[in-house]
Amino acid sequence: MAGGYVYDQSFAEERTRLAGIETLWDPGSQALLDDLGITDGWRCLEVGAGGGSLVQWMVSRGAAVTAIDIDTRFIEPLAGAAVDVRRMDIRTDELPQYEFDLVHARLVLEHLAERREIIDRLAASLRPAGWLVIEDYDWTAFGFEDADPGLERVTEAVMAFMQQAGFDPRYGRRVVADMAAAGLADVRGEGRARVIDSDSPGFDFFRLSFESVRDAVVDAGLLSVADADAAAARFGEHTRLLTPMMVAGIGCR
């Protein structure tokens, strides 16, 4: 575990897991950022850059990007004239002040207990009239198509395990209020969710997220081996689920 982030950074299929996030949510994130007018000359900060897909997309729009993460192995190959890669913990490491036209974070703050203070720090890194966009989940609606008590127990156990590390499974519904409290202007929000099945590329995010933490959840006494094995078997079958709602908070300095 790195800080409040519970997913195993040494997990062999971590890049594939991150690719599931990109497949599911990049189109919506790109649409949000396009609406803000990202263009040539913008300086952008991508927080929790992960696999780097949004970094590459920002560069394709003419932006210069500072890409930060606690694990930079997947974004280090992107470093160059338009991309500055930095290994950083946004809870403690110093951020530039008054530097960015856009700061974007997706599925980062929900993991960190200090999220409210972090928003203040991210806002302070914006230039006047710069934009902050924070996207996080509200897991309330998440579930599988067929009611399965075993899968429900697994979901509850994984959520409980993550909450022990500071994770907030409903932070998406609070992100807009936190941005308004930080003094940002023109604050607004929107949410999006998807129904996917096991043949959908983005399904790997849910399957591999479970595989990444299953042993730790069992070791913590929150899940039986039998339930973990049954859930793994179900993920190998054809199934359909409703994703959590991805909520975007948008505000201007």
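Here the CZ-CG distance, from Arg86 to Leu45, works out to 8.5 Å after rounding to the nearest 0.5 Å. Atom CD1 of Ile38 and atom CG of Leu102 lie 5.5 Å apart (nearest 0.5 Å). Distance OG1/Thr16 to CZ/Arg207: 8.0 Å, rounded to 0.5 Å. Put simply, CE on Met159 and CZ on Phe167 are 5.0 Å apart, with the number rounded to the nearest 0.5 Å. Once rounded to the nearest 0.5 Å, the distance linking OG1 of Thr72 with CZ of Arg87 reads 6.0 Å. If you take CZ on Phe161 and CZ on Arg214, they are separated by 13.5 Å, rounding to the nearest 0.5 Å.
By the side chain to side chain contact (heavy atoms under 4.5 Å, CB included) test, Ala19 is found to be paired with Arg15, Glu22, residues two or more places apart in sequence or in another chain being considered. Legend: residues meeting side chain to side chain contact (heavy atoms under 4.5 Å, CB included) with Glu99, ordered by chain and number and at least two apart, are Arg43, Pro96. For Thr243, there are no side-chain hydrogen bond (donor to acceptor under 3.5 Å, both in side chains) partners, not counting sequence neighbours. Qualifying side chain to side chain contact (heavy atoms under 4.5 Å, CB included) partners for Phe142, counting only residues two or more places apart in sequence or in other chains: Trp139, Phe144, Thr155, Phe206, Leu241, Pro244.
For the residue pair Ala228 and Phe210, the shortest heavy atom distance occurs at O-CZ, 3.6 Å. In this structure, Val55 and Ala67 approach most closely via the heavy-atom pair CG2-CB, 3.8 Å. Here the closest non-hydrogen pair linking Leu32 and Ala248 is CD1-CB, 3.4 Å. When every heavy atom of Leu18 is checked against every heavy atom of Gly50, the shortest pair comes out as CD1-C, 4.0 Å. Nearest approach of Met246 to Tyr137, heavy atoms of both residues: CE-CE2, 3.8 Å. In plain terms, the two heavy atoms of Ile75 and Gly51 that are nearest each other are CG2-C, 4.0 Å.
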Handout entry: Val108/Ile90 under side-chain contact (heavy atoms from CB on, under 4.5 Å): CA gap, chis, key distance, verdict
Key = CA-CA 10 Å; Val108 176; Ile90 58 170; 4.1 Å; yes
Exercise for the section: Start with the C-alpha gap between Thr23 and Asp204, add the side-chain angles, then the distance that decides, and say whether side-chain contact (heavy atoms from CB on, under 4.5 Å) holds. Expected result: CA-CA 10 Å; Thr23 299; Asp204 277 343; over 6 Å; no
Problem - Derivation and outcome, salt bridge (Lys or Arg N to Asp or Glu O under 4.0 Å), residues Glu156 and Arg153 - result: CA-CA 5 Å; Glu156 291 170 1; Arg153 286 195 298 272; over 6 Å; no
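No donor-acceptor distance shorter than 3.5 angstrom exists from the side chain of Asp120 to the backbone of Ala123, with no hydrogens or angles considered. The closest donor-acceptor contact from the side chain of Ser60 to the backbone of Trp57 lies under 3.5 Å. Ser198 contributes a side-chain N or O that, together with a main-chain N or O of Thr239, makes up a donor-acceptor pair within less than 3.5 Å. A donor-acceptor contact shorter than 3.5 Å links the side chain of Arg115 to the backbone of Leu109. Proximity of a side-chain donor or acceptor of Ser125 to a complementary backbone N or O of Leu122 within less than 3.5 Å is detected. Arg253 places no side-chain N or O within 3.5 Å of a backbone atom of Ala129 that could act as its donor or acceptor partner. Here the side chain of Arg61 pairs no donor or acceptor atom with the backbone of Met58 at under 3.5 angstrom.
Follow the hydrophobic side-chain contacts under 4.5 Å out from Met179 and you reach Met245 in the same cluster. Transitive grouping of hydrophobic side chains (ILVMFWY, heavy atoms separated by less than 4.5 Å) brings Val47 and Phe100 into a common cluster. Connection of Ile68 to Leu132 is established within a shared hydrophobic cluster, with ILVMFWY side chains joined at heavy-atom distances below 4.5 Å, either directly or through further cluster members. Cluster annotation: Phe235 is connected to Val158 through the hydrophobic network of ILVMFWY side chains, with a link wherever side-chain heavy atoms come within less than 4.5 Å. Val133 and Leu184 sit in two unconnected hydrophobic clusters of ILVMFWY residues. Membership requires side-chain heavy atoms under 4.5 Å apart, directly or through other members.
Contact annotation: the side chain of Val247 never approaches that of Arg173 to less than 4.5 Å [non-hydrogen atoms, C-beta and beyond]. Contact annotation: the side chain of Leu36 approaches that of Ile250 to within less than 4.5 Å [non-hydrogen atoms, C-beta and beyond]. Residues Val213 and Met162 fail the side-chain proximity criterion, which asks for heavy atoms closer than 4.5 Å.
Grouping Ile, Leu, Val, Met, Phe, Trp and Tyr residues whose side-chain heavy atoms lie under 4.5 Å apart, directly or via other members, places Val195 in a hydrophobic cluster with Leu242.
Among residues at least two apart or in separate chains, salt bridge (charged side-chain N to carboxylate O under 4.0 Å, His left out) pairs with a member in residues 182-196 are Glu135-Arg192, Asp186-Arg188.
Taking a 6.0 Å sphere around CD of Glu237, one finds it holds more than 12 heavy atoms contributed by other residues, nucleotides or ligands.
Residues Asp227 and Arg234 are not paired through a salt bridge, judged by the lack of any N-O separation under 4.0 Å between the basic side chain and the carboxylate.
Each of Asp136, Asp26, Asp69 was evaluated against Arg106; a single residue qualifies, Asp26, per the salt bridge (Lys or Arg N to Asp or Glu O under 4.0 Å) test.
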